[in-house]
Amino acid sequence: PVETDEEAMARIRERFDILHEMTKASVSGDIRAMIVSGPPGVGKSYGVEQEIDKACLFDKLAGKRLRAEVVKGSATPIGLYQTLYKYSDANCVVVFDVCDSILLDDVSLNLLKGALDSYSRRIISWRADIRDEDLPTSFEFKGRVIFISNLSSTQIDQAIITRSMAVDLSMTTAQKVE
């Protein structure tokens, strides 16, 4: 369908409003996992990080350990396991901002499937070589995960998609030419 500039802007504004509301729901624990996808430069990270900063404000003021972390760039499977363990408490949120390597690696995907499972107890295990003696071979993950990705939802493993709420911020439109 063809839409005007005003209709396109209203549609885009509505998607960003949904992004803010879903991020708040992730922080509060109402949503276990969220995937935010769309092209680079549209503001995916900004919208999520605004809400994460608000959630961590009292932690910062009180000098407490922050309830959320934003991981940007890349993570190995063991790095993912360590991060999930560190933020495994029920009030914690981990944001993976364009860490698309996680979404494309089989070992990482298996860890994520455990972290995002729909069971009441989500146990994650690592039965390979662990050099960090403080890191257990398994733990219960009670936290939440937000992915921000430049990948389209068709490029992301369907088991991860079905375990998450998805916000697509693609900006494609068919505009009326006058």
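Using modelled atom types and a 3.5 Å distance limit, the side chains of K44 and N150 yield a donor-acceptor pair. Counted by atom type alone, R127 and T137 present one or more donor-acceptor pairs between their side chains at under 3.5 Å.
Open room surrounds NZ on K142; 12 or fewer heavy atoms of other groups in view lie less than 6.0 Å from it.
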Please report the C-alpha distance between L80 and V107 in whole Å, then the side-chain angles of each, then the deciding distance to 0.1 Å, and finally whether the side chain to side chain contact (heavy atoms under 4.5 Å, CB included) criterion is met. CA-CA 10 Å; L80 172 63; V107 175; over 6 Å; no
Determine, step by step, whether I148 and F96 satisfy the side chain to side chain contact (heavy atoms under 4.5 Å, CB included) criterion, reporting the C-alpha distance in whole Å, the side-chain angles of both residues, the deciding distance to 0.1 Å, and the verdict. CA-CA 6 Å; I148 303 170; F96 293 100; over 6 Å; no
In sequence, state the C-alpha distance, the side-chain angles, and the governing distance for T83 and V71, and then conclude on side chain to side chain contact (heavy atoms under 4.5 Å, CB included). CA-CA 9 Å; T83 303; V71 178; 4.1 Å; yes
Stepwise, does the salt bridge (charged side-chain N to carboxylate O under 4.0 Å, His left out) test hold for K64 with D59? CA-CA 5 Å; K64 292 182 177 180; D59 295 341; 5.4 Å; no
Let's go through L111 and W126 carefully: what are the C-alpha distance in whole Å and the side-chain angles of both, what is the deciding distance for side chain to side chain contact (heavy atoms under 4.5 Å, CB included) to 0.1 Å, and is it a yes or a no? CA-CA 8 Å; L111 292 170; W126 184 272; 3.7 Å; yes
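Under the 4.5 Å side-chain contact rule for hydrophobic residues, V36 and V98 do not share a cluster. L112 is connected to L135 through a chain of hydrophobic side-chain contacts under 4.5 Å among Ile, Leu, Val, Met, Phe, Trp and Tyr, so both are in one cluster. Residues L169 and I146 are members of one and the same hydrophobic cluster, defined by side-chain heavy-atom contacts under 4.5 angstrom among Ile, Leu, Val, Met, Phe, Trp and Tyr.
Of the charged side-chain nitrogens involved, at least one lies within less than 4.0 Å of a carboxylate oxygen, so that K72 and E49 count as a salt-bridged pair. Ion pair D89/R144 not flagged as a salt bridge, since none of the NZ, NE, NH1 or NH2 atoms sits closer than 4.0 Å to an Asp/Glu carboxylate oxygen. Using a 4.0 Å cut-off between a side-chain N of Lys or Arg and a carboxylate O of Asp or Glu, D117 and R122 do not qualify as a salt bridge. A salt bridge is absent between R11 and E14: the closest approach of a Lys/Arg side-chain nitrogen to an acidic carboxylate oxygen does not fall below 4.0 angstrom.
The minimum heavy-atom distance between I31 and M165, with the atom names listed, is CG2-CG, 3.6 Å. Here the closest heavy-atom approach between residue A68 and residue I52 is recorded as CB-CG2, 3.6 Å. Nearest heavy atoms, E7 versus T4: OE1-N, 2.7 Å. When all heavy atoms of G43 and F16 are compared, the pair lying nearest together is O-CE2, 3.8 Å. Between C99 and S74, the shortest heavy-atom contact is SG-N, 3.8 Å. Residues P77 and D105 share a closest heavy-atom pair of CG-OD2, 3.3 Å.
Partner of I156 under the side chain to side chain contact (heavy atoms under 4.5 Å, CB included) criterion, out of L103, D100, L109, L104: L103 alone. When each of V95, L84, I160 is checked for a side chain to side chain contact (heavy atoms under 4.5 Å, CB included) with V145, only L84 meets the rule.
Contact check for S45 versus Q50: no side-chain heavy atoms found under the 4.5 Å cut-off. With a 4.5 Å cut-off on side-chain heavy atoms, M34 and F147 do not count as touching. Contact annotation: the side chain of V94 never approaches that of V70 to less than 4.5 Å [non-hydrogen atoms, C-beta and beyond]. Residues V48 and H20 form no side-chain contact, since every pair of their non-hydrogen atoms from C-beta on lies 4.5 Å or further apart.
In this structure a side-chain-to-backbone donor-acceptor pair under 3.5 Å is missing from E21 to I18. Between the S164 side chain and the A166 main chain, no donor and acceptor come within less than 3.5 Å of each other.
Atoms CG and CG, from D157 and L151 in turn, are 11.5 Å apart once rounded to the nearest 0.5 Å. Summarising the geometry, atom CG belonging to D168 is positioned 9.5 Å from atom OG1 belonging to T154; distances are rounded to the nearest 0.5 Å. A distance of 6.0 Å separates CZ in R13 from CE in M9, rounded to the nearest 0.5 Å. Atom CD of E140 is separated from atom OH of Y85 by 12.5 Å, given to the nearest 0.5 angstrom.
Aromatic rings from F139 and Y81 are positioned such that their centres are separated by under 6.0 Å.
Under the 6.0 Å distance and 45° angle rule, R32 does not count as a cation-pi partner of F141.
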